[in-house]
Structures are given as C-alpha cells and as structure tokens.
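Can you read through this structure? Questions will come right after.
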Amino acid sequence: MTLATNTQIESVTFLSPETDGAEIGGDLVGVGTTSSPALILIPDVHGISPLYRTLGERLAAAGFRTLVLDIYAREGAPHLADMAQVGEWIANLPDERVLGDVAAARVYLASRADVTESAIGILGFCLGGQYALMAACRLPQITACASFYGMLRYAERSERKPASALDMAPQLSCPLVGLYGADDSLIPTADVSELRDILERGGKEFDLVTYEGAGHAFLNEARPEAYRPEAAADAWERALKLFQKYLS
C-alpha cells in the first residue's frame, strides 16, 4: 500500500488519572492538521514494534489519526523468551491499570483540535485485541472496535484479572469486528462461539470471523511462520470498513 507522503509520527505523553496518575503515551500517527476520526491501537504482548507503527501509518493514510498506545510506559516493554514467560507476564499485568490507560488515551485524543471527539475507535492485536474488546465494553464513548485474535477467557480470576473479555461482553457498547484463526491454540473456537452467543442474546452489532488454516498472529508480517496473507488482507479490510462506516 502506498502511504501518504505527509504522514507524521509524533511521540506524545499524557497522564493516566484513573489509575496511578502516571505519565504514559505512545506514537501518534496522522496526516495533515485538520480534524479527523481517531483510533487507539493496542499492540500485542511484546509492546510497540515497527509492525504497529506501520499499521498506524496505514490507518493514517486511510484517514484515521492513530495513537499506538504504549501500555508499558511505566516499566518498559518485556523481553519474553517463551510462552511460559508470556503467560506469567500476562497473569501479572493489572487489567484495571491497562483499561484506565486506554480511557486516558481516549480523553487525550478527544482533547486534540485535530481529532473529531465523537469519532474515536479502538483496535488491538493478541493481548491488545483482548483489551480493545474490554475497553469497548467499559467505555461507552468508543465508537467502534476491531479485535484481532484477542484472547477471550481466563483460566482463573485474580485481583489483577477480575473479569475476562467473555465476562464483559454483555456490556459491549459499540459495533465490533472480531477476527480469529481456526487453529489458534490460545483462543479455542468454542470461546468464539460463546462470544457469538452472548452478543446475539444481547442484540449487539457485531461480525465475528474465523479463518481456516490460520492460527494466532496471522496478521503479523514479521512472523513468517504465523503470517497468513489472505486472512490478513480480508481481516484488515473488514476492520477498515467498520471504521469507515462508523467513524467517518
């Protein structure tokens, strides 16, 4: 895809008053200075990487000022060597802190003159996809949500993990596109089916898609073993159409 030549990436900071008042931030990607719809992009468990800056540029070129949110602004991105470390890290990450940071990011975007306050959506990938869905259930000001292979269920609850995405799903307050791989070991198809049932019972507006032959991280171009070009292209197009319909 050809990106707009005047795409600008700005490192921004703001406070997260709903949690600990810490200074957080991320990379804000946009085109021009006129008011436009905006998106909060939450990366995967490893944090901000070149992939997510590139996706932010693609979204900006499509007309959406995009904040690639750094959910690790306090401690720095983790270095996770294997799935055991990934699981331990996720288990100890406080959901309320992350969701408070997402709320602060929305308030920050809404305060900018180059953002249309009433048109702020959210998307995320892996852990970020989970938090994107949770935020869409917690923040009625979010206009639309796209969750790329966001985990749905917790094996057990804890103080840091009081409620899963499935627990929160009845409170979904905006249109949702959920994009999953049929071969994803982290998200059983039964969990996707349960999410579908919850949303149907609640009369929610949603589109859940499961791609055969795709596993976790099927949109991650930096991981050839996981990347599935056809599924990635279709999923990206569905997310763009969602945001074009509800934010533009």
Side-chain angles (χ1 to χ4, degrees), residues 1 26 29 36-45 48 51-69 71 98-99 102-103 105-106 109 115-116 118-152 165-166 168-169 171-181 184 186-187 191-192 195-196 198-199 204-211 214 216-221 226-248:
M1 174 179 182
V29 191
S36 63
L39 293 167
I40 300 166
L41 188 160
I42 311 178
D44 63 34
V45 66
I48 297 177
L51 168 69
Y52 297 109
R53 292 189 179 95
T54 297
L55 294 181
E57 291 174 353
R58 293 176 184 172
L59 291 165
F64 304 101
R65 200 170 304 280
T66 301
L67 174 62
V68 184
L69 182 62
I71 63 171
V98 177
L99 292 172
V102 174
R106 193 212 63 82
L109 286 173
V115 168
T116 305
S118 61
I120 300 175
I122 193 167
L123 73 161
F125 302 80
C126 177
L127 179 69
Q130 170 190 294
Y131 284 127
L133 175 53
M134 287 178 165
C137 297
R138 288 276 294 271
L139 302 175
Q141 304 90 345
I142 295 292
T143 307
C145 173
S147 175
F148 290 79
Y149 34 87
M151 287 81 77
L152 296 170
L166 284 175
M168 295 185 183
Q171 283 74 53
L172 180 68
S173 59
C174 68
L176 166 72
V177 167
L179 305 149
Y180 304 94
D184 192 336
L186 299 178
I187 310 171
D191 287 2
V192 180
L195 176 62
R196 185 185 304 279
I198 292 170
L199 299 179
K204 308 299 183 180
E205 186 169 353
F206 68 94
D207 180 23
L208 302 184
V209 184
T210 300
Y211 296 98
H216 200 69
F218 62 78
L219 192 134
N220 194 331
E221 301 169 8
Y227 182 51
R228 296 294 182 270
E230 291 185 3
D234 184 79
W236 187 255
E237 185 66 21
R238 288 174 185 269
L240 276 182
K241 286 181 178 179
L242 172 80
F243 296 136
Q244 287 164 349
K245 180 176 180 179
Y246 292 100
L247 274 67
S248 295

Only counting residues at least two apart or in another chain, list the ones meeting side chain to side chain contact (heavy atoms under 4.5 Å, CB included) with A232.
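With neighbours one apart ignored, the set is L219, Y227.
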Non-hydrogen atoms of L109 and L39 that approach each other most closely
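Closest pair (atom of L109, atom of L39, distance): CD1-O, 4.0 Å.
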If you compare all heavy atoms of I48 against all heavy atoms of P43, which two are closest, and at what distance to 0.1 Å?
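Answer, listing the atom of I48 first, then P43: CG1-CG, 3.9 Å.
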Working to the nearest 0.5 Å, report the span between OH of Y149 and CG of D184.
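CG of D184 is found 9.5 Å from OH of Y149.
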Among L59, I122, L67, find the residue that satisfies the side chain to side chain contact (heavy atoms under 4.5 Å, CB included) test when tested with L41.
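By the side chain to side chain contact (heavy atoms under 4.5 Å, CB included) criterion, L41 pairs with just one of L59, I122, L67: L59.
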First locate atom CG of L127, then atom CD1 of I42, and finally report the distance between them rounded to the nearest 0.5 Å.
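Result: 8.5 Å between the selected atoms.
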For A144 and F243, work out which heavy atoms get closest and say how close.
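The answer is O-CE2, 3.8 Å.
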Return the minimal non-hydrogen interatomic distance between A38 and V115, and the atom names on each side.
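Taking A38 first and V115 second, the nearest heavy atoms are CB-CG1, 3.7 Å.
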Before you tell me yes or no, could you show the steps for T54 and R58 under side-chain contact (heavy atoms from CB on, under 4.5 Å), namely the whole-Å CA-CA distance, both residues' side-chain angles and the distance that decides it to 0.1 Å?
CA-CA 6 Å; T54 297; R58 293 176 184 172; 3.8 Å; yes
For F125 and W236, take the angle between the two ring planes, folded into 0 to 90°, and tell me which bin it lands in: parallel under 30, tilted 30 to 60, perpendicular over 60.
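Answer is parallel, since the angle falls under 30°.
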Step-by-step side-chain contact (heavy atoms from CB on, under 4.5 Å) determination, N220 to D44
CA-CA 10 Å; N220 194 331; D44 63 34; 4.2 Å; yes
Around atom CD of Q141, are there more than 12 heavy atoms from other residues, nucleotides or ligands closer than 6.0 Å?
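It does: Q141 CD has more than 12 such atoms within range.
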Nearest-0.5 Å distance that lies between atom OH in Y52 and atom CG in L69
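Going from OH on Y52 over to CG on L69, the span is 13.0 Å.
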Closest approach of L195 to A169 (non-hydrogen atoms, all atoms of both residues):
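Residues L195 and A169, closest heavy atoms: CD1-CB, 3.7 Å.
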Does the R196 side chain pair with the main chain of L208, one donor and one acceptor, at a distance under 3.5 Å?
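Yes: the side chain of R196 pairs with the backbone of L208.
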Grab the two heavy atoms, one from A60 and one from T66, that are nearest each other, plus how far apart they are.
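Taking A60 first and T66 second, the nearest heavy atoms are N-OG1, 4.2 Å.
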Salt bridge (Lys or Arg N to Asp or Glu O under 4.0 Å) partners for R65, two or more places apart
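D114.
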Do any N or O atoms from the side chain of S147 and from the backbone of L179 form a donor-acceptor pair under 3.5 angstrom?
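Not at all, since once roles are kept as given, no pair shorter than 3.5 Å links the two residues.
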Let's go through L133 and M168 carefully: what are the C-alpha distance in whole Å and the side-chain angles of both, what is the deciding distance for side-chain contact (heavy atoms from CB on, under 4.5 Å) to 0.1 Å, and is it a yes or a no?
CA-CA 9 Å; L133 175 53; M168 295 185 183; over 6 Å; no
I need the C137 SG to L176 CG distance, nearest 0.5 Å.
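Spacing of SG (C137) from CG (L176) equals 8.0 Å.
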Are the side chain of T143 and the backbone of S118 linked by a donor-acceptor contact shorter than 3.5 Å?
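Side chain of T143 to backbone of S118: a pair is present.
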Any side-chain to backbone donor/acceptor pair from Y211 onto A235? Under 3.5 Å, distance only.
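Judged by distance alone, yes, a pair lies under 3.5 Å.
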Quick one: pull up CD in Q130 and CG in L166 and give me the separation to the nearest 0.5 Å.
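Answer for the CD-CG pair, Q130 versus L166, is 10.0 Å.
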Quick one: salt bridge (Lys or Arg N to Asp or Glu O under 4.0 Å) pairs with a partner in residues 134-144, sequence neighbours left out?
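Every salt bridge (Lys or Arg N to Asp or Glu O under 4.0 Å) pair that includes a residue of residues 134-144, provided the two are not neighbours, is E96-R138.
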In Å, rounded to the nearest 0.5 Å, how long is the span from CD of Q171 to CE of M134?
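Output value for this atom pair is 12.0 Å.
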